[in-house]
Each structure stands twice: as structure tokens, then as C-alpha cells.
Amino acid sequence: MDCREVTKTRIPFKERPDWADVKPVPQDDGPCPVVPIAYTEDFSETMDYFRAIYVADERSTRALQLTSEAIQLNPGNYTVWQFRRVVLEALGVDLHEELKFVDCIAGENTKNYQIWHHRRWLAEKLGADAVTNELEFTKKIFSQDAKNYHAWSHRQWVLQALGGWEEELAYCQQLLDDDIYNNSAWNQRYFVITRSPLLGGLVAMRELEVNYTVQAIRASPENESPWRYLRGLFKNDTQSLVQDSQVASVLLDVLTSQNSHVHALSFLLDLLCHGFEPSQELKSAVDVLTPQSCSPDLALTKKICSILEHADPMRVKYWNWRKSTVRVQSAQSQNADRLANLSMQG
């Protein structure tokens, strides 16, 4: 029976000849329930019959059909789903057909934990045969909800447990081409370059990924996702981050443009805290953005915090705290800044 037709064609169990031998087990709410739930008649009867076959541990075709109806009425009932798995195994049902049932139920319940758990169980049973279907299913979900956590979690599990890595980076590329602000796609891209057994790992992919990321930053410097991704490309290797010429270049490009500077300044501040030695051009770019109320002798890190207090008012207290705790530049660097300022004034 098509899961969408269950409620339309439903006949009460008490009127079905094949259920005449079953005595329903009503729900026991105790002698004095404080707030009894107003279940529909269909729901109450279905669950009464479900309790009966559950207690009897009946693993039959009619028990499987009953779980279908119970799930239609409440897709979140984990006990029904668990018993359904027991029955499926006992009957040796074609699990590809079961996937069709789950597809139908999932259409209007894409964030239901029980459905995704059941789907993973099916994929585990089917093994490599399920890979293409599961990857396509999650694509369908993303077309409706690009940030569905359950679908992304399931997709990552499929890749790691069953395979299917071959086209995953290209899929991430497609998603980002469609929407460069899709932070879920950025997250998946990072997952792929760090976990795929086909790409050689983060270090092997770093140069290509940095190239891609700085292009994305130049196109949309106000987009936080590529900035976060860029940091991730140098995870546990801040020395390489500090020394990467592309990073310094994109910072200068953004800070000398008319675009939003918040993420670039935040990134530069963290670089400075890791020992980055900025060029005079970068220092000058920061000076142009610095509020006139700031002393010209103020350390570069504190200048950046002062700019961010104005440019990012939602986090003004955070930037004020950073300014009070950030490591001050060395005396040598401060003297160099003063000399440069005097030179420009002259």
C-alpha cells in the first residue's frame, strides 16, 4: 500500500476480518491522568492494536502493515520504527522496497531523527548497493533545504562507511557556484578535502584550495564562510598561514577596497597575534581606516580593534575586550611604525 493512501483508505481494525483474533491493548494512563492527551479515534485504535502485536512479538506481514499505518499517524514513534526493523528482518523483506516507503514518509518529515536512523540501518544492510541512491536522496533534500543537518550528517556517514567520494568535491563546487554563501557546502568541502581517501589530505590540497578560497573572498569579502575555510586550511600549521603570500595579498586587496573590512581585519588581527609581520602597505591600509580619535602611536593590533569597535557594533564589547588583552607589537615594530608616520608627515 502506498504510504500516502493509508489515511485515505483506512478501515478500522475492528472491522477487518484478518484482525478479528487480536485483542487491542489500550494505553494505561493510570487511574487519574492529570492532562490526558486528546488522541484521535484512528490513532488510539491503531496504537491499541500495535501494543497487542508488540506484546505478542508478532512478526508477520500484517504486523508490518500495522507499523506502516502507525508511522503514518506518528512518524516520530521510535518504538514503532524499532519493531518494524525486527519484523523486516524476520520476513526477509526486500529492503529496496522499504527505502521507497521511507522516501514517502520522509517527504514531509525531513528533520525526523527516527526516519534518518531507519534509513542508515537500511543503508548498512544494503551496503555498497545503497551508495548512489543515498547520495541522490540527500541531493533531493538539499534542493529543498540546503542546510538540513540530518541530510548532511547522513551523507557524510554514507561517504565514510560505504564510499562514493569520486564526485563529491565536484558536487561541493556546484553548490558553491549556485550559492557562495552556502556555509553547509563550505563545511562539506572541508570534510571532503580532509577525509577523502582519493585526494591526499589537507596538505596536498592546500595550495589549490587557498587559490579557490582567496578568489571567493575577493568576490564577496563580507561572506564569513571563506574566511573561516581559509583558517581551516592551515589547521595546526599557523606558521604556514603567517608566511603564505596569497593570504597577505588578499588581505591588502580587501582592506584597500570599498567593501566590508570586518572579516579581513579580524583575520589580520589573529595573524598578528601569531607573529605575522605586515608590509608597510598593510599598515597604511589600516591607518586609513583608523578613527581619528586614535593616537598615531597606538599599536597596530589595538588600531584594528578600534576600527572593529566601530565597524562591527554588534560585537563592540568583544573587540573592546580583545583590545585590552591582545598582545602588543614589539618595541621594534612600534618604532618602525612611528618612523613611517613621521616620514609620511614630512
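Count residues from 1 along the sequence. Predicted model only: the values in this text are computed from it and were never measured.
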Q: Measure up the Trp81 and His118 rings against each other and bin them: parallel (under 30°), tilted (30 to 60°), perpendicular (over 60°).
A: tilted
Could you note down all residue pairs passing salt bridge (charged side-chain N to carboxylate O under 4.0 Å, His left out) where [range] supplies at least one of them, sequence neighbours left out?
range	value
residues 265-274	Arg231-Asp270, Asp270-Arg322
residues 19-35	Asp21-Arg62
residues 105-125	Glu89-Lys125, Asp103-Arg119, Lys111-Asp145, Arg119-Glu134

Report the hydrophobic cluster partners of [X], with the cluster defined as I, L, V, M, F, W, Y residues connected by side-chain heavy atoms closer than 4.5 angstrom, directly or transitively.
X	answer
Val203	none
Tyr171	Phe142, Trp152, Leu175
Trp116	Phe137, Ile141

**Q.** Ion pair Glu97/Lys100, N-O distance below 4.0 Å
**A.**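 Yes, Glu97 and Lys100 are salt-bridged.
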Q: Just jot down the side-chain contact (heavy atoms from CB on, under 4.5 Å) partners of Ser220, sequence neighbours excluded, or say none.
A: Ile180, Tyr181, Glu222, Asn223
Q) Do Arg189's NZ or CZ and the ring of Tyr212 fall within the cation-pi criteria of under 6.0 Å and 45°? A) yes
Q: Mark yes or no: Arg84 above the aromatic ring of Phe101, with NZ or CZ under 6.0 Å from the six-membered ring centre and no more than 45 degrees from the axis.
A: yes
Just list the side-chain donor-acceptor pairs under 3.5 Å for residues 304-312, sequence neighbours left out, or say none.
from   : atom 1 : to     : atom 2 : distance (Å)
Ser306 : OG     : Lys302 : O      : 3.0
Ser306 : OG     : Lys323 : NZ     : 3.2
Glu309 : OE1    : Lys323 : NZ     : 3.2
Glu309 : OE2    : Asn320 : ND2    : 3.2
His310 : ND1    : Ser306 : O      : 3.0
Asp312 : OD2    : Arg315 : NE     : 2.8
Asp312 : OD2    : Arg315 : NH2    : 3.2
Asp312 : OD2    : Trp319 : NE1    : 2.9

Kindly write out the residues that satisfy ring-ring contact (aromatic ring centres under 6.0 Å, His included) with [X], not counting sequence neighbours, or none if the list is empty.
X	value
Phe43	Tyr39
Tyr54	Phe50, Phe83
Tyr113	His150
His261	none

(Q) Test your reading of the model: is there a side-chain donor-acceptor pair from Ser153 to the backbone of Tyr149, 3.5 Å cut-off? (A)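 Not confirmed, Ser153 side chain does not pair with Tyr149 backbone.
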Q: Go through the steps to decide whether Val326 and Cys273 satisfy the test side chain to side chain contact (heavy atoms under 4.5 Å, CB included), and finish with yes or no.
A: CA-CA 7 Å; Val326 75; Cys273 291; 3.4 Å; yes
Q. If you look at every heavy atom in Ala264 and Val254, which pair is closest and at what distance?
A.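 Nearest pair, atom of Ala264 first, then Val254: CB-CG1, 3.7 Å.
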Q. So, for Gly164 and Val131, which heavy atoms are closest and what is the spacing to 0.1 Å?
A. CA-CG1, 3.9 Å
Q: Starting from the C-alpha separation in whole Å, work towards a yes-or-no answer on side chain to side chain contact (heavy atoms under 4.5 Å, CB included) for Phe276 and Leu268.
A: CA-CA 8 Å; Phe276 175 65; Leu268 177 57; 3.7 Å; yes
Q: Would you give the length of the straight line joining atom CD1 of Ile53 to atom CG of Leu66, rounded to the nearest 0.5 angstrom?
A: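 Rounded to the nearest 0.5 Å, the CD1-CG separation comes to 4.0 Å.
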